[in-house]
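Working notes for the structure below.
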Number of protein chains: 2
Amino acid sequence: MRIRRDGPATLADVARAAGVSLATASRALNPGGQRAVRVELRERILRAADDLRYVPNAHARALAGGTTTTVGLVLHDITDPYFAGIARGAMAVAGDRGALVMVGSTFRSPERELEFVRTFRAQRVDAVVLTGSGFEDDGYREAMGEELAGHRRAGGGYAFVSEHDLPGHVVLPGNGEGAAAVGRALVELGHRRLAVAGGPSSLTTVRHRIGGFVRAVEACGVPSAAIEVVDRPFSEDGGRAAARELLDGGSGATALFCVSDVMALGALEELAARGVTVPDDLSVVGFNDIPTMRRLSPPVSTVRLDLEAMGRTAMELALDRDAGGFRTVPAPAELVLRASTARVDAAARPAGGRG
Amino acid sequence: MRIRRDGPATLADVARAAGVSLATASRALNPGGQRAVRVELRERILRAADDLRYVPNAHARALAGGTTTTVGLVLHDITDPYFAGIARGAMAVAGDRGALVMVGSTFRSPERELEFVRTFRAQRVDAVVLTGSGFEDDGYREAMGEELAGHRRAGGGYAFVSEHDLPGHVVLPGNGEGAAAVGRALVELGHRRLAVAGGPSSLTTVRHRIGGFVRAVEACGVPSAAIEVVDRPFSEDGGRAAARELLDGGSGATALFCVSDVMALGALEELAARGVTVPDDLSVVGFNDIPTMRRLSPPVSTVRLDLEAMGRTAMELALDRDAGGFRTVPAPAELVLRASTARVDAAARPAGGRG
DNA sequence: CTGTTAGCGCTTTCAC
DNA sequence: GTGAAAGCGCTAACAG
């Protein structure tokens, strides 16, 4: 006589308790399948399962059925409101489709990003959503390309949020247009000397934003020599550092465009610490419109992206294995002018110098 | 002759390609196990795996080995900085231990919370971390208790962040003490009529915060009749609604304690809309110290909790299946007084009335 | 060191 | 309808 195993009850236990075959128990517990089990039996099985506190083993199910309902989500940092917003949308869609979400935080490490995609593949996820722009590195691009191709070959879907230089569905924020709108607006407000707090130019997103800004400003007749670009990490500290650099360098700029709101937050802190008044001494604009921006005083101008919608769309693209090629879905970027940007006249006093 | 399956390569494929047995291939690919495989063979196997773009099947592995390296994290809303902060800490620990994190967003639905725990159990996760206070509902408590007991019986660990009225490891924020500190500070600043923007009292966290506040204020000699408590949803809108109610009711309070920063955000917005100046007309205090609070103007007083550390600790407790009973780890709450709270004299003009 | 052999728990033909 | 049996891909004893 065998001693009862310690672990949780299995389907076999349930079947035995209900006096039916394994197959029948499985059918009763998975209504979706073939023709149903007789009501009487079904109830008996359900009761037995309940009594035994049966919890199906998702791994066994996945192995036997060759199906899973999990998705992977890769992001840099969940406390960054940008990614949190996207994650919320993506998770909402996954939830609606009954899919479990596995989240990988890369903290901006390409290796970790690759590692997560591999792990997700091992988990045989249905779909993976990659947020944050790609890394401009041939090794990375090739490796990631292979992973994704393999994933696809195995029947999985995936989508990017932001450019990735790799084939795949993309939710593409209007980085260029948004930044261009910022540039035009600043020039229209009379600004003739501009500064940009940029991120590492290895990030496609950064390049697009800076590019769009510079081109638009030039198109307005302001020479690119009047634009001072400082590249710092794509973080709050980076923004702080950029502001410091600009101020220390005695920049004559009257307006500062930060390529992300988080950077703007850091820059604003540095400005405040130096006694530089916004917008009187310097106009400031961010990008993304994270919730905090409108609450600051003065409220900060920025480019609004519907983060949640972007996350939703990306997850849908990744999950819907429809025919046809890869789709690129634009995510409109809308300039939101707030009190942090003001008009200057030609004689405006430049910011900078010692605080 | 069989046609090659379409799916991804299996271990058997790798073994065949390398001319070794299944077991050997498995050993070569899992260095952790028994004594190693001869270098020559190992390299051959590794190469074959690489050539075939072999991706281990985590489900098969879990099923055969009876081991997983996944953890579940339950939270209400990832865009809420409170949960994002905790999640970051929890995910960091999971990452260090090589565990994959599955995240469930409940949006404050007890049913969904239960559902996630069930799903995590089906996934045979090693540990689950439950954030957000428990729901004061007997049905919920019993059901959740059973799920967790079953999970534990199956060898899994779990931990709560905040009180849960259920046995288990707990990371316990100093809600009572923190709120008490707020109460004392306000009384010391001369406030004699206090208002509280509270959340649903079914949330343990809310009860502890309000309780701690009220008791401390009374202990300072201010009668509880001088404290006006308004319960609204535990959200930004709830904070807005609470402020509206207080103002419309012609509250004579000179200070407002919001049981969470997110509620404070809503309340502040309503106050600003009504022309109530902080802190001149009304002092405001929040709870949690989400990053935004110190950036507002005036910077908002609040009670600091080290969210990330809380998340880390919780994940560690859930993962470390050490002997002994359940542990309760306090998370210190530290009052942070900022410019949103000011001294009033006895003749202070009460806020309220039509804006 | 390496190969053989059982399963892990479940879904799924295929018969009845 | 329901049962029997064959795996899903892998790990883990056992033997050699």
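Within every chain, numbering begins at 1; the chains are lettered A, B, ... in the order of the sequence lines, protein sequences first and strands thereafter. Just so we're clear, the structure is a prediction, and the values are computed from it rather than from any experiment.
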Donor/acceptor link under 3.5 angstrom from B:Arg27 side chain onto base of C:dG3: yes

B:Ser26 vs D:dT11: side-chain N/O to OP1/OP2 distance below 4.0 Å: yes

Length of the CG-P vector between B:Leu11 and D:dG7, whole Å: 19 Å

Whole-Å distance separating the OH atom of A:Tyr54 from the P atom of C:dG9: 10 Å

Pairing residues for B:Asp96 by the side chain to side chain contact (heavy atoms under 4.5 Å, CB included) criterion, not counting sequence neighbours: none

Atom pair distance, as rounded to whole Å: CD in A:Glu40 and P in D:dG1: 13 Å

Stretch residues 56-66 of chain A: residues that reach within less than 4.0 Å of DNA chain D through a heavy atom: A:Leu63, A:Ala64

Pairs under 3.5 angstrom only: tabulate donor-acceptor contacts from the side chains of residues 14-22 of chain A to other protein residues two or more places apart or in another chain.
residue	atom	partner	partner atom	Å
A:Arg16	NH1	A:Asp13	OD1	3.3
A:Ser21	OG	A:Ala23	N	3.4
A:Ser21	OG	A:Thr24	N	3.2
A:Ser21	OG	A:Thr24	OG1	2.9

Qualifying residues under salt bridge (Lys or Arg N to Asp or Glu O under 4.0 Å), relative to A:Arg312, sequence neighbours excluded: A:Glu308

Distance below 4.0 Å between B:Thr24 side-chain N/O and C:dG3 OP1 or OP2: yes

Donor on one side chain, acceptor on other, B:Tyr140 and B:Glu113, under 3.5 Å: yes

Test salt bridge (Lys or Arg N to Asp or Glu O under 4.0 Å) applied to B:Arg38 - qualifying residues, sequence neighbours left out: B:Glu40

OP1 or OP2 of C:dG9 under 4.0 Å from side-chain N/O of A:Thr10: no

Listed partners of B:Ala90 passing side chain to side chain contact (heavy atoms under 4.5 Å, CB included), at least two apart: B:Leu73, B:Met315

Gap between atoms CG and P, on B:Asp13 and D:dC10 respectively (whole Å): 8 Å

Nucleotide C:dT5, atom P - distance to CG of B:Leu22 in whole Å: 12 Å

Divergence of helical axes at both termini of the helix from C:dC1-D:dG16 to C:dC16-D:dG1 - five pairs an end, 10° steps: 30°

side-chain hydrogen bond (donor to acceptor under 3.5 Å, both in side chains) partners of A:Glu147, counting only residues at least two apart: A:Arg118, A:Arg121

Pair A:Thr68, A:Arg124: side-chain N/O donor-acceptor within cut-off below 3.5 Å: no

By side chain to side chain contact (heavy atoms under 4.5 Å, CB included) - contacts of A:Glu146 (at least two apart): A:Glu142, B:Arg53

Rounded distance in Å - CG (A:Leu29) to C1' (C:dT12): 16 Å

Protein-nucleotide distance (A:Arg16, atom CZ; D:dT2, atom P), rounded to Å: 19 Å

